[in-house]
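Just so it is clear: chains get the letters A, B, ... in the order the sequence lines come, proteins before strands, and each one is counted from 1.
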Amino acid sequence: MSLGWVQRWWRSISGGSSASDPTSRTGVAHEGVKPSEVRPWMDLAALMAIQSLELRIQRMVEGLHRGLHRSVRRGYSAEFAEYRPYTPGDDLRHLDWGRMARTDRAFLRQYEDESDWTCLMVVDLSASMAFGTVGYSKADYARTLAGTLATFLHGQGDSVGLLRFAAGVGDLVPAGHAPRQLARWWSLLAADPSGSGTGLGAALEEARRIMRRPGLVVLVSDLLSAPDDWTEPLRLLRAARHEVVVFEVLDPQEIEFSFEGDTHFVGLEDARRLDLDAARAREGYLARLQAHRESVAGVCARESALFWSARTDGPLEPLLLETITTLKRRRQQSAGAGRARGAGQ
Amino acid sequence: MSFLSPWFFLGLLAVGAPLLAHLRRLSVKKRVDFSAMHFLEPLPPRKARQRWEDVALMLARIGALGLLAFAFARPYVRQSGVGVSAPATHQRQVVVLLDSSASMRRTGLFQEAKDLVAQVASSLKEDDAFELFVFDRTVRSVLGAELWGQTPAGARSSLLSDLLSKMEPGWAGTQLDDALQFVVDGKNGGASDALVEVVVVSDFQEGSHLAKLQGQQWPKKLHVKILPVPAQQAREDESISLHWLPPDPETASLETPFKLQVHAGPGYRGSLVKLGIEGQPSRDWMAPVTAGKTRVVTVPGVPFESGFVRVAGASDFSSGVWVSRLPLKRTLVALGGSGDALDRSGARYFVNRAVTALGDARVEVLGGESTTSERDASVALWISSGAAGAEWNSRMVKAVEKGAVALLTLEDVSDALAAGALIGETWEVKEAQVNDFAVLGEMDRTHSVLAPFKSPQFADFSGIRFWHYRRVVLPKESSVRVLARFEGGDPAVMEYELGAGRVLMWTSNWRPHDAQWVLSSRCVPFLAGCLDVATGGRAPFVVATPGESFVLPEGSTGLKGLDGTLFGKTAGRASLEVPGVYAMEPQGGIVVINVASDESRLAPLPVEKFESLGVPLLKPSAAEVQMPDASTPQAAVLGAGEIEARQGGWRWLLGGVLVLLTIETWWAARLSSPTKPEAL
């Protein structure tokens, strides 16, 4: 006798994901980044129950700063570079008092001279993002995720823009520093999911067109469209030396497909209708989905894009912290490589 | 098959729930707006096997609910419908039990019963064995199988008619269970394999005793056929039964009200019952009682000693009861002796108090002055506590010679010598030389007067001191019995017979300054013992049913009815067959015989009662009378409930429900478990 129903019951009461799920967020980072043991600072359900997106993101960003143990003003871009001897007239705030105590000589700490990063958040608000079985939709989760990351980056001085897409390329908030950026983001993200398809490839091409110099492109989508449609645009983005972060947002029901009985399925993005015995259809569905997700992860790995998979019932904080930490490391590596290149010249 | 609670079949409506769910599953599907439609593929149609599995699952659920409703309806199988019929070809042993209890005394009932017996006998084959018993409290053989077999076939009918014509119903109760057990015991272990057919001919009234049939093991070859004698519709007054609650015999008197328990059967429609005393039409009174209720009615003092109380206007035996108010004969005690009755220094005062303290209403104490020669013959006990005078002594001696008992105390040596002279003996008597004091020692506690001191708590006499007594030395051939002696061996209490009576004497007097005896707590029981010896024991008061054996007191010679008929006794016991009031001879005790109150419960027994007791009933032939249906719905339900409880079919049904639910649970889990991917 199969114990599948026992496993489903256990999952339902434990809230955990199946061990057989190959694309859960904690196991797919192709860069081998070990997820941090980060305790969520806010219950996800309570957070998502906050109607105002702005307020929701504000709460998240505050928590994010606490999690990073850094001030909003300094951020990770104010990095130590080297020491130089003190000369009269230097700003004493940069004096390394500890080293002076040990060596009886005065040194100043010098930092990386960083320029602003241009970031573009590409958010999928197609009709499939309206699906949700945990009390809110994938679109809600994606809004919160993109909005939090954008606010954080904006807060540390980066220029952040936002591109919304559905069946085709949608509205754009160009990258900028101005405080009014925030209000424009909220207005753009508040749109309801719509459309009869997902124009992911077109959105990435538009992002490449907008981003004239190397920067950061963050894609937030369910990635349910065929990878062939957007593999080439992604490759071109990477070729233009953009850092790309891909967030795959899926509902637990999409991952587990725990529907029961005879069910009438209606497509959200097309008019396709199917009458199926969900129990009988489960195995085939899961197999096809797994193959698709492995394909998506493979494309991202091939293009060196940072790939994260997120369940909408999973906490946001570890995901964001790991993303920021990984971005910081990559940025240091690229800065180091730049200095090496400068020294060589 | 019948059902005790058929309304639970309404629960079958719940069967529609799984049916509707199944139909709904077939027709209505849940709609889901889904995002990843391109990962879903159409499936091949559901296999026929899966459809059948769904139907089987639905049937299992319907079956479980149906069985549950069936179990709650409490089904049972009536045995009468499936009773075996008597095989026509095999030899039979037919045992007829004819009811001769009091309830069969109803008009024409016993004659009809005898006709039924004759009918049963006439239907027998020549080889069939036949036995006839009559039963009420006991079972008595009327015609044995041996005599039946020896009698030529042509003469059997007349033989049976002769025997039946001599039979009359008695007054005893109906011990139907004893009668059936008697037959079962007689037929158990018999070598013959012939079918034993026990035919019970009775009115099968509700008061018949059946309790002993509970758990009775019935031989397989034995079957019981019940042939009820059709009784006429009971009159309303017949549904009233009376039961006399005998009064306390110690306090019974003509002035004491007596109590009757009046029970109205379910058929009684009135609210008052008119009761009367037979022969005294002006003494009727009303008792409030309604159907199904029992009331205890206190009848105020009516100047009659004994009689038959019945429901006014009724003539049947069941509506009356014998009541006795005959006062018991009083025992006269003559108390003589010197001294004033109020003088506490003399013994007479204390003896008078002690006799009075007996608290026995039947005792009347006559002082020496009030004793007249006319009542001497009635005095049972003469007590002399001192010099009573020659004339009183003479009357006492005469009474003792006629059977009375005398209790004397020897005041001095001359009294002792006179006492010996009464029986022609010369005693050596002198005043005892007592050092300090004397106490009682050896004692014959088997004697009636000293029997109260058998118990260890009353056996200690060491605290009772005697300062003066007369030392009596009896001759060797003396007829005197010494009942108690002082510690030195001198007689203390003696007894001898004088004529038809007897004399008890103390060698000490009872004056308080000579002995502590009269002041001690032992004196009263001693006097009670003397009284018992004088009267032959306390006159008994016996209430019994016809045929019930009871003990007659020692000395009683027999019983005498109100009409003067005398009845003897056997080995100290007696039994009376006819209800009435009887007096014991010669003590005057009373015996009241009443028909058992169960015999007044005339409603017919429901056949379910026999079925519930597991009696292996044989289906009566068409020519024979059918057992009537239950007299009341309640009785039928009661009988059916017992059958259902014995059969316990609901347990099996509940077991079936559990099995079905277990299968359904397992099956449903199996069907809902993920299946292997289908070939696409």
>> Side chains of B:R31 and A:R273, heavy atoms from C-beta outward: is any pair under 4.5 Å?
In response: yes

> At what distance, to the nearest 0.5 angstrom, does CG of A:L289 lie from NE2 of B:H38?
Replying inline: 8.5 Å

>> Between B:V32 and A:V266, is there a side-chain heavy-atom distance shorter than 4.5 Å?
In response: no

>> Other residues, nucleotides and ligands only: do more than 12 of their heavy atoms fall within 6.0 Å of CZ on B:F72?
In response: no

> About how many Å separate CZ of A:F265 and CG of B:L40, when rounded to the nearest 0.5 Å?
Replying inline: 5.5 Å

> If only atom types and distance count, is the side chain of A:R288 paired as donor or acceptor with the main-chain N or O of B:F39 below 3.5 Å?
Replying inline: yes

>> Just verifying a value: how many Å separate B:E41 CD and A:L276 CG, rounded to the nearest 0.5 Å?
In response: 9.5 Å

>> Test your reading of the model: is there a side-chain donor-acceptor pair from A:R272 to the backbone of B:M37, 3.5 Å cut-off?
In response: yes

> What do the steps show when you test B:S35 against A:K138 for side-chain contact (heavy atoms from CB on, under 4.5 Å), and what is the final call?
Replying inline: CA-CA 10 Å; B:S35 51; A:K138 290 190 289 183; 3.8 Å; yes

> Taking all atoms of both residues into account, what is the closest heavy-atom pair of B:L43 and A:R280, and its distance?
Replying inline: CD1-CB, 3.7 Å

>> Measuring from atom CZ of B:F34 to atom CZ of A:F257, what distance do you get when rounded to the nearest 0.5 angstrom?
In response: 5.5 Å

